[in-house]
Amino acid sequence: MPVLAVIGCQWGDEGKGKVVDILAQDADSIARYQGGHNAGHTVIVRSGQKGAADEKFILHLLPSGIIQPGKRCYIGNGVVVDPKALVKEMEEVESRGITFAGRLFISERAHLIFPYHHVYDQNEETIQGAKKIGTTGRGIGPAYADKHARVGIRMVDLLDDELLAKRLRANLESKKLLLTSRYNHPGYEFQAVWDEFMEYRKKIAPYIHNVFHLISDDITQDRKVLLEGAQGVMLDIDHGTYPYVTSSNASIGGACTGLGIPPSSIKKVLGIIKAYTTRVGEGPFPTELTGEQGNLLREQGKEYGATTGRPRRCGWFDGVVAQFSAKLNGITHLALTKLDVLDNTPNIKVCVGYKYGNRIYDEMPASLKILENCEPVYQEYAGWMSPTTGIDDFSKLPDKAKAYVEAISNLLGIEFAMISTGQRRDETIILKRLF
Ligand code: GDP
Ligand code: IMO
Ligand code: MG
């Protein structure tokens, strides 16, 4: 069973980092296929020493498997890499005793994020005002835009002085026009950017490889490959709540194009769903709770962005979104996270349709007007009102918690492989081993 994909089925932050960290224990290699350092994947590792605090890692570009010693980690061609952010993250992780030699491989086809991408991203958001997307401001969208406009600069170019100089000069010149006229920004001088990027190159160059070839070889050799999605299906550029989305394909198609692997090699697709819903940034969110209940979920779930620290918007579990994600990605198994966050919620709601005008939609509408103005149709479940934190055996869950889990599984017609009841690795119910 060579390839297992892990996909966030909501608006991101479903707990992919924790789940990937657990699965990585059984994997040979772990690969990121899209997004960039807009992602923030949290992994909490229990300290080996008695009484010592747990260790927390927040990974942005490095696959979460990097924490597991000896595992090979890939950054695929579909990822956009800000070398400054990558070097910073590598140094942070290295300072905690993790090494990269022989186990970190960055695709030579991955595109680079340059300082002008940040300026563009942040200034466009300011100009848009109330209509802003609420991006992470990391230059992700503009870097993907350059990739698609065929003016992007790739990792392989970073290794070629002549080509890099040519492409960088051309880009700085054309961007300067935009930066000065639209943002009143002076633009960037070639030498300063060159010198800065040469420093990053020193650190990154040894890790730039033909990742397609390496993964292809893993698949042929029947090694266990774990694909780590970033963001979530509703942030997918094609299938999400456009234009309030990110600029890559967070869904399963992105895994094939973002690494160069055939769809037929992906044998299992694990969909991660949070027991409720969150979203960071702007855009429609039909089950959002703006009052006290939303605040309670935010506080109990510590729902603050792992990348930007922004408070996450919180709401009830959205079955329309989850069913759509399940179909779109061919989800074969589910992982439910943050069940413990609902421990003190007396009545729990699950959205099973959107009412708009005379119609009830149970398929995901594309129209923002419908998504913004629909009334969610809810089914209600009695809360269990007792602690589930740390439970690692399904039979020990309160009956009402079991009923909630089973209701979601029945709604989607997919079995759970994992239920997460806390931040740590051991706070997990494993129902099925996927590798
Ligand atoms: P990702 O982007 O999908 O990897 O998710 P984030 O790391 O951005 O956000 C998930 C947050 O929930 C992190 O702080 C995790 O440590 C935490 N978390 C994951 N699973 C659980 C769980 O079952 N219970 C609780 N209470 N926290 C969890
Ligand atoms: P992980 O991998 C949650 C959101 C931003 C914004 C929109 C576009 O941790 O789940 P971008 O900077 O990508 O152009 O912003 O996408 N966003 C995320 N929301 N989790 C993420 O990643 C996200 N990455 C981007 O908040 O609404
Ligand atoms: Mg996150």
Side-chain angles (χ1 to χ4, degrees), residues 6-22 32 34-45 54 56-61 63-64 79-80 82 113 117-118 120-122 124-125 132-145 228-237 240-248 250 272-276 278-285 297 299-313 335-343 387-392 418-429:
V6 171
I7 307 257
C9 287
Q10 295 156 323
W11 275 279
D13 304 325
E14 296 88 353
K16 298 175 292 291
K18 170 178 169 168
V19 170
V20 167
D21 172 61
I22 291 174
R32 273 280 305 270
Q34 44 68 238
H37 66 309
N38 48 352
H41 297 178
T42 315
V43 180
I44 308 281
V45 182
D54 293 336
K56 180 174 180 174
F57 291 85
I58 299 180
L59 286 320
H60 301 286
L61 273 164
S64 299
V79 177
V80 283
D82 180 336
I113 298 181
H117 293 128
H118 287 255
Y120 183 101
D121 192 359
Q122 290 161 12
E124 276 311 309
E125 286 281 277
K132 69 175 189 218
I133 289 166
T135 71
T136 58
R138 303 292 196 267
I140 305 293
Y144 277 115
E228 176 176 357
Q231 287 82 53
V233 172
M234 298 318 298
L235 291 171
D236 184 286
I237 181 81
T241 47
Y242 190 89
Y244 298 98
V245 290
T246 191
S247 301
S248 63
I272 318 283
I273 45 178
K274 211 180 262 196
Y276 49 97
T278 61
R279 156 159 224 176
V280 211
E282 309 304 315
F285 181 177
L297 286 175
E299 294 318 310
Q300 304 207 333
K302 300 197 186 93
E303 295 293 357
Y304 292 88
T307 296
T308 58
R310 290 178 291 176
R312 294 174 181 154
R313 298 156 66 193
L336 184 70
T337 60
K338 305 193 94 159
L339 185 66
D340 54 297
V341 175
L342 296 178
D343 283 353
T388 61
T389 304
I391 290 182
D392 58 4
M418 261 185 216
I419 298 166
S420 172
T421 57
Q423 287 191 293
R424 288 200 324 245
R425 275 179 195 158
D426 55 327
E427 295 174 321
T428 313
I429 300 168

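Remember, predicted model here, so these are calculated numbers, not experimental data. For ligands, and for the atoms within them, numbers begin at 1 and follow the listed sequence. We use all heavy atoms of the structure for the numbers below, so side chains are in, but hydrogens, waters and symmetry mates are not.
- Residue Ala306 approaches ligand 1 through these ligand atoms, each under 4.0 Å from one of its heavy atoms: 8 (O).
- Under a 4.0 angstrom heavy-atom cut-off, Ala306 registers as lying outside contact with ligand 2.
- The two residues Gly283 and Tyr244 come nearest to each other via the heavy atoms CA-CG, 3.4 Å.
- A heavy-atom distance below 4.5 Å is not found between the side chains of Glu14 and Ile273.
- Considering only heavy atoms from C-beta on, His41 stays 4.5 Å or farther from Val20 through its side chain.
- Residue contacts with ligand 2 leave out Arg138, since none of its heavy atoms falls under 4.0 Å from the ligand.
- For Glu282, no nitrogen or oxygen atom sits less than 3.5 Å from a nitrogen or oxygen atom of ligand 2, counting backbone and side chain alike.
- Atom 25 (C) of ligand 2 has its closest protein heavy atom at Gln231 CG, 3.8 Å.
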From CA spacing to verdict: side-chain hydrogen bond (donor to acceptor under 3.5 Å, both in side chains), Thr337, Lys18: CA-CA 9 Å; Thr337 60; Lys18 170 178 169 168; over 6 Å; no
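- On a distance-only criterion, Arg279 and ligand 2 share no N/O pair closer than 3.5 Å.
- Annotation: atom 4 (O) of ligand 1 to nearest protein heavy atom, Gly17 N, 2.8 Å.
- Looking at heavy atoms from C-beta onward, Leu297 lies in side-chain contact with Val341 at the 4.5 angstrom threshold.
- At a 4.0 Å cut-off, not a single heavy atom of Thr278 sits close enough to ligand 2 to count as contact.
- Side chains of Phe285 and Thr241 form no contact here, defined as non-hydrogen atoms less than 4.5 Å apart.
- For atom 10 (C) of ligand 1, the closest non-hydrogen atom on the protein side is Asp13 O, 3.9 Å.
- Remark: minimum distance from atom 15 (O) of ligand 2 to any protein heavy atom is reached at Thr135 CA, 3.3 Å.
- Distances from atom 5 (C) of ligand 2 to the heavy atoms of Gly281, Ala143, Gly134 put Gly134 nearest.
- Taking distance alone, with nitrogen or oxygen atoms compared against 3.5 Å, Gly15 approaches ligand 1 more closely than that limit.
- A heavy-atom separation below 4.0 Å is found between Arg312 and ligand 1.
- Applying the side-chain hydrogen bond (donor to acceptor under 3.5 Å, both in side chains) criterion to Tyr242, with sequence neighbours excluded, gives no partner residue.
- Two residues are said to be in side-chain contact when any heavy atoms from C-beta on lie closer than 4.5 Å; Leu61 and Val79 meet this criterion.
- For atom 17 (N) of ligand 2, the choice among Leu235, Thr308, Val80, Asn38 with the nearest heavy atom turns out to be Leu235.
- Summary of contacts: the protein heavy atom closest to atom 23 (O) of ligand 1 is Ser420 OG, 2.4 Å.
- Proximity to His41 (heavy-atom distance under 4.0 Å) selects the following atoms of ligand 1: 1 (P), 2 (O), 4 (O), 7 (O).
- Of all the heavy atoms of Arg424, none lies under 4.0 Å from any atom of ligand 1, so neither backbone nor side chain is involved.
- Of the protein's non-hydrogen atoms, the one nearest atom 2 (O) of ligand 1 is Gly40 O, 2.8 Å.
- Less than 4.0 angstrom separates some heavy atom of Lys18 from each of these atoms of ligand 1: 20 (N).
- Remark: the Glu228 side chain and the Ser64 side chain contain an N/O donor-acceptor pair separated by less than 3.5 Å.
- Two residues are said to be in side-chain contact when any heavy atoms from C-beta on lie closer than 4.5 Å; Gln34 and Tyr144 meet this criterion.
- Considering backbone and side-chain atoms together, Gly40 places an N or O closer than 3.5 Å to an N or O of ligand 2.
- Arg32 and His60 get closest at one heavy-atom pair: NH1-O, 2.8 Å.
- The protein non-hydrogen atom at the shortest distance from atom 22 (C) of ligand 1 is Gly422 O, 3.1 Å.
- Counting only heavy atoms from C-beta outward, the side chains of Ile113 and His118 approach each other to under 4.5 Å.
- Annotation for Ala143 and Val80: closest pair CB-CG1, 4.1 Å, computed over non-hydrogen atoms.
- Residue contact annotation: Tyr244 has no non-hydrogen atom under 4.0 Å from ligand 2.
- Considering backbone and side-chain N/O atoms, Asp121 never comes within less than 3.5 Å of an N/O atom of ligand 2.
- Checked against a 3.5 angstrom limit, the closest N/O atoms of Val280 and ligand 2 fall inside it.
- Between Thr421 and Ile429 the shortest heavy-atom distance is CG2-CD1, 4.3 Å.
- Atom OD1 is the N/O/S atom of Asp13 found closest to the Mg ion (ligand 3).
- At least one heavy atom of Lys16 sits less than 4.0 Å from an atom of ligand 2.
- Which of His37, His41, Glu14 comes nearest to atom 2 (O) of ligand 2 through a heavy atom is settled by distance: it is His41.
- Counting only non-hydrogen atoms, the option in Asp340, Thr421, Ile429 that gets closest to atom 26 (N) of ligand 1 is Asp340.
- Residue contacts with ligand 2: Arg310 is placed with a nitrogen or oxygen under 3.5 Å of a nitrogen or oxygen of the ligand (distance criterion only).
- Geometrically, ligand 2 and Ser247 share no nitrogen or oxygen pair separated by less than 3.5 Å.
- Closest protein heavy atom to atom 12 (O) of ligand 2: Thr136 OG1, 2.6 Å.
- When all heavy atoms are compared, the tightest approach of Arg279 to Pro284 is NH1-O, 2.7 Å.
- Between Asp82 and Arg138 there is no salt bridge, since none of the side-chain N atoms of the basic residue sits less than 4.0 Å from a carboxylate O of the acidic one.
- Only the backbone of Val245 comes within 4.0 Å of ligand 2, judged by heavy-atom distances.
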Pair Asp121-Thr135, side-chain hydrogen bond (donor to acceptor under 3.5 Å, both in side chains): steps then yes or no: CA-CA 8 Å; Asp121 192 359; Thr135 71; 2.9 Å; yes
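- Among protein heavy atoms, atom 7 (O) of ligand 1 sits closest to Thr42 OG1, 2.5 Å.
- Of the protein's heavy atoms, Gln423 NE2, 3.8 Å lies nearest to atom 15 (C) of ligand 1.
- For the residue pair Glu299 and Tyr304, a side-chain donor N or O sits within less than 3.5 Å of a side-chain acceptor on the partner.
- When side chains are defined from C-beta on, Glu303 counts as touching Tyr276, because their heavy atoms get closer than 4.5 Å.
- Between Asp13 and ligand 2, at least one N/O pair is under 3.5 Å apart.
- Among the candidates Thr389, Ile391, Ile419, the single residue satisfying the side chain to side chain contact (heavy atoms under 4.5 Å, CB included) test with Asp340 is Thr389.
- Of all the atoms in ligand 2, the ones that sit under 4.0 Å from a non-hydrogen atom of Ala230 are 2 (O).
- With hydrogens left out, the protein atom closest to atom 12 (O) of ligand 1 is Lys338 NZ, 2.9 Å, a heavy atom.
- Of all the heavy atoms in Val19 and Ala335, the pair that sits closest is CG2-CB, 4.3 Å.
- With 2.8 Å as the limit, Ala39 does not count as an N, O or S neighbour of the Mg ion (ligand 3).
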